[in-house]
Amino acid sequence: MGLTAIDLGLRGATSGVFLLIIFAALLRRAGSQQALLGMAMSAGGVFYAIATAPFFPKSSWWWVLPILSAQPLVFWLWARAAFDDDFVLRRWHGSLWLCIVAFGFALTLGWAYSPALAGAGGRGLALVNLALALAAAVQTVKTWRADLVARRRRLRLAMLAINVGLIAVVAGVGFAAIPVAVPGAPGSLPTALVLFVVAMIAGLGTFAAQPVVPVNDATAAIASGGGRGADRASTGRVAVDPRVVVDPRVVVDPRVAVDPILLRRLDHLMTVERSYRQEGLAIGALAARLDVPEHRLRQAINEGLGYRNFNAFLNRYRIEDARLALSDATQREVPVLTIAMDAGFQSIGPFNRAFKAETGVTPTEFRREALSRPDRADIREPRREIG
């Protein structure tokens, strides 16, 4: 009974932490898709902690297991929303969740009539859950290098490793008898411990203090204004004076210390040398060109300029380059694909998506509107170095 008491205590603490996460999100009136999915994951965590606890009646499994079987999908969607800043929930995501739950109910109800067929269906559903867990892991690895948020980079691997492991266990048992249902049975206490660790990591990610970093529109504006209106700190860095207005679109957080020399060098590299045009440019290569540690460049771009993703930082320059080319009458006959490739994009699909997300129209529509304006300028204004 001692192990059972510890098991139940861990599950109670886990449920409490998950409920606090939901309560905090409701108090903040968080309406982002990541927050909504986080609440759904937390609710699923409470549900799972209770449903797999000792003494939970087996007679309730017929409706519990189908709902729990869709939790890997919720986690995959949360991973997409948390680690992909461009992810948007679609209606088919909800339809897929309903299909998995409905399939789970069909398997559960069909178990009494055809155990062999239901068992095969359960194994198929387990494979789907394993595929979703793998997709969540791939999402983490794929976007890890471009992530500029230090706190998110530290938490993502631990969070995903534990959750993917837990999902693999849930998917592995399928709809067989769950060993954690018997008090003191093998697997009950480890499962409770894993749930508790997951809840604590989620709680740290939710309640840990995080700096408010504004999203700025122009690197050049900050780089040019940082040195003029700054107070030098004892560390040798420069804290931007909140009274300095560098650009009407840019709001500089006075709590964020930025290195104006590094920002100016970065601005020169992007606006004058146009390094963003380099195919496959990675932050490591850019840091090497600036001769600074990669973590320092990440911090400068994230905390100094407000970008959460390195690709988003590059795309601002690339899209501006493309906009100038599309507005230039002398390049009227140049294909859109050529303009996209010249700006640094590797294919037309990502360029079209990024361009429409930034401007609200497709590149072709933008060119047609820009060239049809009577007051357009046929000659580009030459670039000049800030500084």
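Owing to the predicted nature of the structure, the values given are computational and were not obtained by experimental measurement.
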Quick check on the hydrophobic clustering: are L37 and V149 connected, directly or via other members, by side-chain heavy-atom contacts under 4.5 Å? no
If you round to the nearest 0.5 Å, how far is CZ of R289 from CG of L266? 11.0 Å
Let me confirm one number: the CZ-CD1 distance from F310 to I283, rounded to the nearest 0.5 Å. 5.0 Å
Please check if the side chain of S275 supplies one atom and the backbone of L269 the other of a donor-acceptor pair under 3.5 Å. yes
Give me the atom names and distance for the closest heavy-atom approach of S42 to I21. OG-CG2, 3.5 Å
How close do S69 and L125 get, heavy atom to heavy atom, and via which atoms? CB-CD2, 3.7 Å
Calculate, to the nearest 0.5 Å, the distance between atoms CG and CG belonging to N311 and N315 respectively. 6.5 Å
With the side chain counted from C-beta on, respond yes when F47 and Q71 share a heavy-atom pair under 4.5 Å apart, and no when they do not. no
Please assess Y276 against R316 for the test side chain to side chain contact (heavy atoms under 4.5 Å, CB included), listing each intermediate value before the final yes or no. CA-CA 10 Å; Y276 57 85; R316 276 296 178 89; over 6 Å; no
At their closest point, which heavy atom of N302 faces which heavy atom of Y307, and how far apart are they? ND2-O, 2.9 Å
How about CD1 on I261, more than 12 heavy atoms from neighbouring residues, nucleotides or ligands closer than 6.0 Å, or not? no
Is a donor on one side and an acceptor on the other found under 3.5 Å between the side chain of Q278 and the backbone of L286? no
Membership question, hydrophobic clusters at under 4.5 Å side-chain separation (ILVMFWY): are F83 and L73 in the same one? yes
Is V334 reachable from L324 through a run of hydrophobic residues whose side-chain heavy atoms are each under 4.5 Å from the next? no
Side-chain contact, heavy-atom cut-off 4.5 Å: W76 with H93? yes
Any donor-acceptor N/O pair, R318 side chain to F345 backbone, under 3.5 Å: no
Quick check: closest heavy atoms across A70 and V101, and the distance to 0.1 Å? CB-CG2, 3.7 Å
Find the distance between CZ (F366) and CD1 (I319) and round it off to the nearest 0.5 Å. 10.5 Å
Nearest 0.5 angstrom please: H295 NE2 to L148 CG, how far? 14.0 Å
Heavy atoms, side chains only, cut-off 4.5 Å: are N352 and T362 in contact? no
Do you know the tightest heavy-atom contact between A199 and T14? CB-CG2, 3.9 Å
State, yes or no, whether a side-chain contact exists between L77 and M41 at a heavy-atom distance under 4.5 Å. no
If we only count heavy atoms from C-beta on, is the L89 to L36 side-chain gap below 4.5 Å? no
Which atom of V292 lies closest to which atom of L262, heavy atoms considered: CG1-CD1, 4.0 Å
Less than 4.5 Å apart, any side-chain heavy atom of R296 and any of L290? no
Could you go through M341 and E279, starting from their C-alpha distance and side-chain angles, then the distance that decides it, and tell me whether this counts as side chain to side chain contact (heavy atoms under 4.5 Å, CB included)? CA-CA 9 Å; M341 301 290 282; E279 183 178 352; 6.0 Å; no
Report, as yes or no, whether the 6.0 Å neighbourhood of atom CZ on F196 holds more than 12 heavy atoms from other residues, nucleotides or ligands. no
How long is the gap from CD1 on I100 to CG on L132, to the nearest 0.5 Å? 6.0 Å
Are W92 and L98 connected, step by step, through hydrophobic side chains (Ile, Leu, Val, Met, Phe, Trp, Tyr) whose heavy atoms are closer than 4.5 Å? yes
Quick check: do F355 and L326 have side-chain heavy atoms less than 4.5 Å from each other? yes
Test your reading of the model: is there a side-chain donor-acceptor pair from R298 to the backbone of D147, 3.5 Å cut-off? yes
Going hydrophobic residue to hydrophobic residue with side-chain gaps under 4.5 angstrom, can you get from M39 over to V88? no
With no hydrogens and no angle check, just 3.5 Å: does a side-chain donor-acceptor pair link T359 and R323? no
Validation row: D342, D321 side chains within 4.5 angstrom (heavy atoms): no
Go through L263 and L305 one step at a time and tell me if the side chain to side chain contact (heavy atoms under 4.5 Å, CB included) criterion holds. CA-CA 9 Å; L263 289 179; L305 304 180; 3.9 Å; yes
